[in-house]
Amino acid sequence: MTRMTTEQAIHQALAEEMQRDERVLLMGEGVATKRPDLVQDFGATRVRNTPLAEAIVAGTAVGAAASGLRPVVDLLFAPFLAYAMDALVNSAGKLRYLSGGQFEFPLVAMSMTGSGWCVGAQHNHNLEAMFAHAPGLKVVMPSTAADFKGLLKAAIRDDNPVVFFTDLGLLHQEGEVPDVADHVVPLGLAAVRRVGADVTLVSYAKTVGVCLQAAEQLQAQGIAAEVIDLRTLKPLDETTVLRSLRKTGRLVVVTEASGLCGMAAELAALAATRAFDVLRAPVVRLTGPDAPGASSWVLEQAALPTVEAVVEAVQGMLVEVAVGREALAAS
Amino acid sequence: MTRMTTEQAIHQALAEEMQRDERVLLMGEGVATKRPDLVQDFGATRVRNTPLAEAIVAGTAVGAAASGLRPVVDLLFAPFLAYAMDALVNSAGKLRYLSGGQFEFPLVAMSMTGSGWCVGAQHNHNLEAMFAHAPGLKVVMPSTAADFKGLLKAAIRDDNPVVFFTDLGLLHQEGEVPDVADHVVPLGLAAVRRVGADVTLVSYAKTVGVCLQAAEQLQAQGIAAEVIDLRTLKPLDETTVLRSLRKTGRLVVVTEASGLCGMAAELAALAATRAFDVLRAPVVRLTGPDAPGASSWVLEQAALPTVEAVVEAVQGMLVEVAVGREALAAS
Amino acid sequence: MSAAGMTDALRRLEAMLLIRAYEEKLVEFQRGGAPGTCTSVGQEACAVGVVGALESRDRILTNHRSAAHLIARGADPGRLMAEVLGRVDGYCGGRSGSLHISAKELGVVLTSTIVGGELSMAPGVALAQKMGQGEPGGIVAVFFGDGAACEGIFHEALNLAVQWQLPLLFVCENNDWQAFVHRRETMPDNAIADWAAGHGLPVATVDGNDVEAVHAAARDVVAAIRADGQPRFLELVTYRLRGHFEPDDQVYVDADELARWQARDPLQGQADRLLALGALDAANLMQLRDRVAARIEAAARFAQASAWPDPRTLTHHVYAEQGARS
Amino acid sequence: MSAAGMTDALRRLEAMLLIRAYEEKLVEFQRGGAPGTCTSVGQEACAVGVVGALESRDRILTNHRSAAHLIARGADPGRLMAEVLGRVDGYCGGRSGSLHISAKELGVVLTSTIVGGELSMAPGVALAQKMGQGEPGGIVAVFFGDGAACEGIFHEALNLAVQWQLPLLFVCENNDWQAFVHRRETMPDNAIADWAAGHGLPVATVDGNDVEAVHAAARDVVAAIRADGQPRFLELVTYRLRGHFEPDDQVYVDADELARWQARDPLQGQADRLLALGALDAANLMQLRDRVAARIEAAARFAQASAWPDPRTLTHHVYAEQGARS
Ligand SMILES: Cc1ncc(C[n+]2csc(CCOP(=O)(O)OP(=O)(O)O)c2C)c(N)n1
Ligand SMILES: Cc1ncc(C[n+]2csc(CCOP(=O)(O)OP(=O)(O)O)c2C)c(N)n1
Ligand SMILES: [Mg+2]
Ligand SMILES: [Mg+2]
């Protein structure tokens with residue numbers, strides 16, 4: 001294992017994949033400036049600064065992907081994806097299908113989002129659900145350095161368009177990354193970060209940490225929370241979530257993104273449609289508010305689901321259990 | 001009451017609001033060509049053909065709305081909203097909040113979507129959930145001529161940005177529109193289209209008709225389905241849905257849009273989080289597939305939730321009821 | 001005109017006749033209830049002139065008004081019609097319908113009906129070509145309209161092609177219409193060539209209704225791109241003789257303007273030229289028309305006999321099968 | 001220079017000094033842990049020259065690099081700093097932070113940090129003005145960078161402004177940088193003026209580091225727009241002397257290029273000019289600097305004393321209160 005930050009893990013993934021496959025190229029506003037070692041190792045042809053024009057950067061990736069290259073584009077902050085929407089949603093996501101399968105679009109569109117930098121809603125907008133809702137795309141949003149590396153490598157190797165989100169609050173967070181020659185984490189598999197039988201906490205990105213802390217506190221109260229890190233939002237690993245629900249019968253979904261039609265809605269819907277018979281309590285959604293991100297530190301913080309809120313939600317769900325236990329203890 | 005098509009209802013709403021408030025103006029590719037009577041009545045200044053450039057059309061609406069006008073922009077087909085995403089999501093939806101409430105954005109962005117014309121995924125994409133997920137916007141998608149008129153009028157009068165979707169399968173459908181001088185239907189209120197106590201069918205746009213037909217068939221089998229037409233997707237009328245669920249304990253959500261992070265997910269989540277105690281059966285989502293829209297008539301039809309599927313889903317949910325009744329009858 | 005030149009010119013006339021007959025058949029189908037189409041009636045010379053100047057190693061991107069480009073490239077009218085009718089034997093198995101037909105086997109790739117979509121992807125196709133993914137020496141041509149030139153992506157694509165020195169030919173078919181809006185309502189006169197010139201690449205404007213003029217201009221720019229790998233811009237001045245999308249009564253079209261352009265029908269022009277040169281007589285022309293009509297009749301039969309797609313295949317081709325490559 | 005001219009010129013110097021001092025204070029704050037900012041150090045002459053040519057009835061749209069425009073317009077440095085620090089007394093109650101500060105009361109509206117956002121909204125503001133919503137005779141100025149000129153929306157905005165004859169002044173501060181990419185990697189030389197000229201509106205390119213030159217040019221175009229209601233384009237050639245967003249070590253910047261532009265610091269240039277003209281002596285200059293420093297110190301104290309927003313107000317201002325008007 002090697003300890004490294006998310007940023008370093010991403011960089012390693014890019015370097016390794018460019019080394020492995022010469023069809024991989026990196027494009028974006030400042031990618032060459034920010035990664036001079038890649039320019040040196042792979043040449044200015046494969047590491048390209050672009051004009052400030054997300055629509056053509058993304059569109060060029062789509063055209064290149066369908067023509068034999070495997071582009072990775074860095075689109076910087078998630079709200080800028082608004083300019084890349086046609087390329088990603090209407091072209092990359094639809095033209096394989098509309099053409100009857102004539103084209104493949106092996107491309108990765110990277111962007112950052114999330115609270116932590118006080119930059120406000122035009123830089124901080126957790127809009128991953130918009131891409132999950134769009135057909136033909138895959139969506140990834142890891143939470144650990146190892147996954148950033150392994151999932152980015154898998155995304156680059158995937159023959160489908162992948163939108164890869166980096167929670168900017170995790171950029172400088174360190175984690176252990178396996179030292180194996182080729183650390184690849186397959187898309188579409190959630191990770192059970194902590195095993196528990198009383199309640200299932202489902203999350204992804206920065207809020208996985210919130211769930212883990214909450215689980216720690218709950219443990220002290222004798223409540224065993226299972227924590228699932230989705231990692232890939234699309235395709236969604238329903239199996240892992242449902243397996244956990246069959247065990248716990250309780251679901252709390254925790255996301256920084258807002259709730260309405262968000263991933264939290266999808267998870268709650270999954271429970272309501274496919275795990276109803278095992279559910280023992282109302283599902284709880286703890287999400288960011290349905291409001292743009294504010295810049296002010298206190299407002300940015302106030303928008304986040306907290307450890308306390310998770311703990312409280314779980315306690316609320318388990319009231320009957322606790323009451324039951326007390327009764328047992330008293331008897 | 002006057003019988004008219006959806007198209008006529010929309011036109012009436014535009015004409016009446018332009019008459020009522022001279023700050024209302026209409027912009028878009030071909031709006032002046034297609035509505036010569038409005039040009040004649042209100043002048044070329046207020047009914048403007050635009051260059052083929054959705055981003056600037058939408059952006060101009062945003063700028064104009066914040067500066068005292070009340071623009072309505074016709075952006076034609078929903079997938080073209082991809083070009084208007086920055087204006088709608090990043091500007092109209094966020095700049096009021098980011099400015100601390102300095103601006104209002106009284107604008108309506110209209111577009112069409114849905115199956116029926118065999119035009120394929122770059123014209124037919126039910127992506128309303130993307131806008132419901134975005135903060136600061138309102139989203140409307142009516143199903144009857146009366147609502148098209150009344151809700152469009154309300155949308156034009158609203159001080160917030162409203163994305164107004166027309167299911168193109170309804171364009172030529174006729175309905176009764178009240179003859180009152182000023183028929184306005186407030187945003188944010190669902191309509192109970194049919195009352196029933198056994199199951200709640202929630203839908204909007206074209207699939208409301210599917211639900212009503214299913215309810216008719218179910219009635220013949222002694223099953224009373226309540227049919228709710230959401231009409232406004234955001235703000236979502238949770239009260240009406242929850243009230244119905246408290247009565248029926250069963251929910252089937254029917255949408256032409258795909259399920260993942262769609263409105264169907266939101267409704268199922270609403271049930272799982274806020275109506276768990278009254279739910280008597282798993283929620284059922286009947287949605288379009290998570291696939292781009294195909295052009296071929298047979299594929300376009302195959303993608304739609306059918307009356308049979310709704311009936312079957314309800315029958316499945318009520319199996320115990322039926323079994324119970326039979327047992328009763330046999331006793 | 002040399003003998004070889006005349007043979008080529010005759011071939012171009014036949015291609016235009018074939019396109020016209022194909023689209024007229026689709027209009028007939030539409031009247032019978034089939035889906036409508038955006039015809040290129042009046043613009044056949046653009047497609048035939050440019051596509052004829054390309055080689056099989058070159059790639060083409062087109063848009064909603066693609067039939068002429070596809071047929072000029074040698075697409076089978078039967079498979080095209082099957083696609084329009086939504087049948088399995090269509091180039092896209094019926095998923096596309098008329099609006100986004102690609103035929104990768106012919107080098108017609110990534111057709112987009114989002115106006116500007118083709119412009120957004122064309123630099124990527126050219127970049128792949130430049131980076132060695134296509135056939136050696138291949139170039140890319142992207143077809144779009146005057147309306148597409150109003151979309152910002154037009155400028156982004158031009159700038160990227162210039163900046164990255166991409167072997168890309170921009171072909172603007174300026175047909176005076178953007179669906180139901182006349183070009184004059186959307187831009188100044190001559191704007192398109194001025195805009196393109198602002199990007200610093202060579203720009204040529206040609207009579208798009210004269211197939212020989214188009215062909216000559218296209219041959220020159222294609223050769224130039226192949227020689228230096230740099231982008232070029234070609235504006236073809238033409239006119240949309242039928243409506244935007246069938247059916248379209250064109251009540252909004254100025255009758256005089258339409259009549260002026262009808263008098264400049266590119267098929268008639270080419271026929272007249274060849275008749276005048278003696279490369280053709282009335283009987284030959286009749287034979288040509290008959291041959292074309294027979295092909296289209298056969299195509300129509302093929303398309304109508306083609307099966308509907310199996311509804312159980314509805315979600316096939318959403319994703320590439322293979323998830324992760326090693 | 002007339003006496004009145006000198007007084008104005010002195011005022012412009014003071015405004016530039018105030019902007020510089022304000023931004024240097026924010027750099028200091030940032031080092032202490034406050035959020036970073038995009039400073040306009042080196043570009044003060046652009047803001048002061050153009051904004052000084054506008055009247056209060058005019059409207060301004062700006063972008064992520066807005067401090068100079070706001071201060072030139074008379075914004076209170078204390079309220080600006082409070083906004084940057086995320087406090088309630090900021091112009092936007094702390095919701096914006098530095099990146100999208102609007103001050104409607106000053107006519108600085110719809111600031112967008114999405115590059116190109118300001119360009120997308122500017123025609124709408126100008127249209128409202130033209131349709132009688134603003135104060136009579138008002139015009140609109142939109143500030144943006146060379147990077148924004150690469151976004152397609154730039155062309156869409158220009159075309160609409162020309163086509164609809166909007167009273168809109170496009171002001172491009174061409175500072176050679178687009179975040180971490182040099183302009184030369186993104187476009188040909190002189191591209192911006194060429195692109196704008198392609199749209200057929202009057203274009204002027206001016207030394208953006210000479211505040212008097214900027215002011216004179218701006219006065220002319222503003223008068224012209226007010227007279228005929230037509231759009232104009234002004235390119236200001238300048239340079240970003242500090243990094244893109246604090247902190248930024250600028251390792252990627254060519255030291256010689258930076259040194260060349262540092263030698264052309266617009267503040268020094270204006271001070272030298274006024275010293276040479278005898279409008280100023282060293283003591284006056286010292287006084288000016290002191291006055292400015294005192295204002296900024298007071299502003300900093302105000303901002304730091306300002307309260308944090310109440311977290312319970314988190315979702316205020318998402319929607320306008322009043323749903324439906326009658
Ligand atoms: C982004 C987008 N906006 C609008 C449309 C609807 N539409 C289809 S074709 C067309 C006109 C296009 O004009 P032009 O580019 O000149 O091509 P032409 O149809 O004249 O060949 C329009 C507005 C679309 N398909 N995509
Ligand atoms: C659409 C979009 N893309 C990228 C960014 C990130 N970004 C912020 S400022 C900037 C550079 C802008 O360059 P320019 O327009 O020249 O303005 P300058 O910063 O030089 O004043 C970039 C890339 C953004 N905010 N918005
Ligand atoms: Mg056209
Ligand atoms: Mg710049």
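Each chain gets a letter, A, B and so on, in the order the sequences are listed, and its residues count up from 1.
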Sort out for me which of Met263(B), Arg96(B), Lys234(B) touches chain A most, counting heavy-atom pairs under 4.5 Å. Lys234(B)

Side chain from CB out, backbone as N, CA, C, O: work out which of these in Ala294(B) comes under 4.5 Å of a heavy atom of chain A, or both, or neither. both

Part of Leu236(B) lying under 4.5 Å from any heavy atom of chain A: side chain

Chain B heavy atoms under 4.5 Å from Leu95(A): which part of the residue, side chain, backbone, both or neither? side chain

When you measure from the side chain of Glu300(B) to the backbone of Gly116(B), do you find a donor-acceptor pair of N or O atoms at a distance under 3.5 Å? yes

Should Leu187(A) and Val140(A) count as side-chain neighbours, where that means a heavy-atom distance under 4.5 Å? yes

Pick one of side chain, backbone, both or neither for Leu98(A), based on which atoms fall under 4.5 Å of a heavy atom in chain B. side chain

Among the options Leu251(A), Val253(A), Leu260(A), pick out the one with the most heavy-atom pairs lying under 4.5 Å from chain B. Leu260(A)

Does the pair Arg231(A)/Asp237(A) count as a salt bridge with the N-to-O cut at 4.0 Å? no

Chain B heavy atoms under 4.5 Å from Leu88(A): which part of the residue, side chain, backbone, both or neither? neither

Check Arg285(B) with Glu266(B), please: is the shortest side-chain N to carboxylate O separation under 4.0 Å? no

Salt bridge between Arg250(B) and Asp198(B), side-chain N to carboxylate O under 4.0 Å? no

So which part of Ala87(A) gets closer than 4.5 Å to some heavy atom of chain B, the side chain, the backbone, both or neither? neither

Heavy-atom pair count under 4.5 Å with chain B, highest-scoring of Leu81(A), Val89(A), Asp290(A): Asp290(A)

Comparing Ala268(A), Ser295(A), Ala265(A) against chain B, the one with the most heavy-atom pairs below 4.5 Å turns out to be Ala265(A)

Pair count under 4.5 Å, heavy atoms only, with chain A: among Ala55(B), Gly259(B), Ala84(B), Ala132(B), highest is Ala132(B)

Greatest number of non-hydrogen atom pairs under 4.5 angstrom with chain B, of Cys261(A), Ala269(A), Ala121(A), Ala134(A), falls to Cys261(A)

What pair of heavy atoms forms the shortest contact from Trp297(A) to Cys118(A), and how long is it? CE3-SG, 3.7 Å

What part of Ala271(A) is in contact with chain B, defined as an atom under 4.5 angstrom from a non-hydrogen atom: side chain, backbone, both or neither? neither

Distance-only side-chain donor-acceptor flag, Gln301(A) / Ser115(A), under 3.5 Å: no

Distance flag, aromatic centroids of Phe80(B) and Tyr83(B), threshold under 6.0 Å: no

If you tally heavy-atom pairs under 4.5 Å against chain A, which of Ala257(B), Gly262(B), Gly293(B) wins? Gly262(B)

The single option from Arg243(B), Arg246(B), Lys247(B) passing salt bridge (charged side-chain N to carboxylate O under 4.0 Å, His left out) against Glu226(B): Lys247(B)

